[in-house]
Amino acid sequence: MEKLIITGGNRLEGTVPISGAKNAALPLMCTPLLTGEPVTLTNLPRLADITTLSDLLNHMGVGIMIAGANGSRMKGRSLTFDASNITDTVAPYDIVRKMRASILVLGPLVARVGEAIVSLPGGCAIGNRPIDLHLKALEALGANIDLEQGYVRASAPKGLRGGIIDFPIPSVGATENALMAAALAKGTTVINNPAREPEIVDLADCLRAMGAQIEGDGSDKITIEGVDHLHGATHAVMPDRVEAGSYAVAALMTKGNLLLEGARAHDMQAALDLISEIGGVVSEEKSGVRVKSNGHLNCFGLKTEPFPGFPTDMQAQFMALAAVVEGKSSIMEAIFENRFMHVPELCRLGADIAVSGSEAIITGVNQLKGAQVMATDLRASMCLVLAGLVAEGETHINRLYHLDRGYEHLEEKLRFVGAEVDRVPG
Ligand code: EPZ
């Protein structure tokens, strides 16, 4: 198994090209299931999760072709998806267990072909990750839902019909499944208390380009007028706000100066506001967002919330920052029940962290010390990379497959701006 070796202490300075967003690309890759016409997605990141979902779509009979010149490795990929001939409506356990977002084929398949059989995703490192809200949303649109032998079978032989979907809590995935299903449901659908993340708006933009009639995405109420069919389209995946936020933290921790090329400030305002409060300097430029720090950083408190609140996907990265900021910082994880797996690994690097339930109190230390650590989930992996960038000596990070799910060209991007990082066989 490969590992990363990082020698800490370098100041990072320069430009980091931000890739297409994993959490936008995954639902976007399910939209072709809604139409028999080709859908082209550009700015797709080269990530393990994208490959896994492509394998699932292939398994279902979706043709996937490289679209046009794909340019340099550091640029996003363009792929055309052709779902004119869906041959299989089953998403098998061995694929779904690797990548929970496979559940996002449920809504489009039921809407287009009237049936979907998808393995229950099961839990993951950060929590139980139920899908009850996905299923309730589809039932509200007239789908029959059966659970058998670890699979969800959703069916709507006469097609879906518009309905009212009231989410008790905002769920990103359930909102995405509901949006895609409602686009082809007969009549009007209203989604109350949907997720408001930028990835939801990106998905709605793509669906509108395909002919869907959607209003209110990004707000607390979305209205969809179902249409008989959707047509092909071309859509660019939005930039990855979580990747951008991760490199913003790297700029602060190394007292550096990074231009996050392609990042959109309004996608990550809560994180940027906190960075300014901590003492970083944030400025919007034509080509992206610049984050720098050359002064004192203040300890801070954060609580993760649905968008537009502080994103849970940036919690681990800010904990790495808190570990080296003088004073006591507090982090409350209010979205997932087990998203502190990075704490014991950070403590191996010398961090001083006390966890009580969903709250962590981090007392900043003068210097972290390099050590062998283990990645446990995607964002925890990045937390350890950030800590390694400032730790004394070498930090060896194992189980890189977690990192490769969500950070494209990580070593190259870090080396471009001055980090000493190598990927070596384990
Ligand atoms: C998406 O997961 C993201 N994944 C996650 O990013 C992100 O952390 C999460 O949204 C929250 O922003 C993708 O977009 C592929 P949710 P999702 O449904 O849709 C509960 C990363 O690191 N819930 O918004 O699964 C759930 O348990 C990943 O890139 C139900 O109770 O998240 C959680 O407590 C990790 N029932 C809360 O809602 C349901 O049916 C929010 O989950 C669904 C969710």
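Fair warning: this is a prediction, and the values are worked out from it, not measured in the lab. Both ligands and their constituent atoms are indexed starting at 1 by order of listing. Sequence positions, counted from 1, serve as the residue numbers for this chain. In what follows, every heavy atom counts, from backbone to side chain, and hydrogens, waters and symmetry copies are set aside.
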Checklist outcome for this item: ligand 1 atoms nearer than 4.0 angstrom to some heavy atom of Lys22 are 21 (C), 29 (O)
Item to check | Proximal atoms of ligand 1 relative to His134 (non-hydrogen, under 4.0 Å) | outcome: 40 (O)
Checklist entry - Which option, Ile200, Ile131, Asp49, Ile335, owns the non-hydrogen atom nearest atom 41 (C) of ligand 1? => result Ile335
Checklist entry - Is there a heavy atom in Pro130 that sits closer than 4.0 Å to ligand 1? => result yes
Checklist entry - Taking distance alone, with no angle check, do Asp132 and ligand 1 share an N/O pair under 3.5 Å? => result yes
Checklist outcome for this item: The atoms of ligand 1 lying under 4.0 Å from a heavy atom of Arg339, numbered in the order shown, are 8 (O), 22 (O), 35 (C)
Checklist entry - Side chains of Lys413 and Tyr247: does their closest heavy-atom pair fall under 4.5 Å? => result yes
Pairs under 3.5 angstrom only: tabulate donor-acceptor contacts from the side chains of residues 107-117 to other protein residues two or more places apart or in another chain.
{"from": "Arg112", "atom 1": "NH1", "to": "Leu33", "atom 2": "O", "distance (Å)": "2.9"}
{"from": "Arg112", "atom 1": "NH1", "to": "Thr35", "atom 2": "O", "distance (Å)": "3.3"}
{"from": "Arg112", "atom 1": "NH1", "to": "Ala83", "atom 2": "O", "distance (Å)": "3.1"}
{"from": "Arg112", "atom 1": "NH2", "to": "Ala83", "atom 2": "O", "distance (Å)": "3.1"}
{"from": "Glu115", "atom 1": "OE1", "to": "Thr89", "atom 2": "OG1", "distance (Å)": "2.9"}
{"from": "Glu115", "atom 1": "OE2", "to": "Arg153", "atom 2": "NH2", "distance (Å)": "3.0"}

Side-chain polar contacts of residues 169-176 - donor-acceptor pairs under 3.5 angstrom, sequence neighbours left out - could you list them?
{"from": "Ser171", "atom 1": "OG", "to": "Ala174", "atom 2": "N", "distance (Å)": "3.0"}
{"from": "Thr175", "atom 1": "OG1", "to": "Ser171", "atom 2": "O", "distance (Å)": "2.6"}
{"from": "Thr175", "atom 1": "OG1", "to": "Ala195", "atom 2": "N", "distance (Å)": "3.0"}

Checklist entry - Taking atom CD of Gln149 as the centre, does the number of heavy atoms from other residues, nucleotides or ligands within less than 6.0 Å exceed 12? => result no
Checklist entry - Without hydrogens or angle criteria, can the side chains of Ser78 and Thr42 be said to hold a donor-acceptor pair below 3.5 Å? => result no
Next on the checklist: Can you confirm whether Tyr93 is buried at OH, in the sense that more than 12 heavy atoms of other residues, nucleotides or ligands lie under 6.0 Å from that atom?
Outcome noted: no
Checklist entry - What part of Leu133, side chain, backbone, both or neither, has a heavy atom within less than 4.0 angstrom of ligand 1? => result both
Item to check | Shortest heavy-atom approach to atom 15 (C) of ligand 1 - which of Leu135, Asn23, Thr175, Leu378 | outcome: Asn23
Item to check | Asp313 and Lys22: CA distance, side-chain angles, deciding distance, salt bridge (charged side-chain N to carboxylate O under 4.0 Å, His left out) verdict | outcome: CA-CA 12 Å; Asp313 289 350; Lys22 166 181 84 83; over 6 Å; no
Item to check | Atom indices of ligand 1, in the order listed, that fall short of 4.0 Å to a heavy atom of Ile169 | outcome: 20 (C), 38 (O)
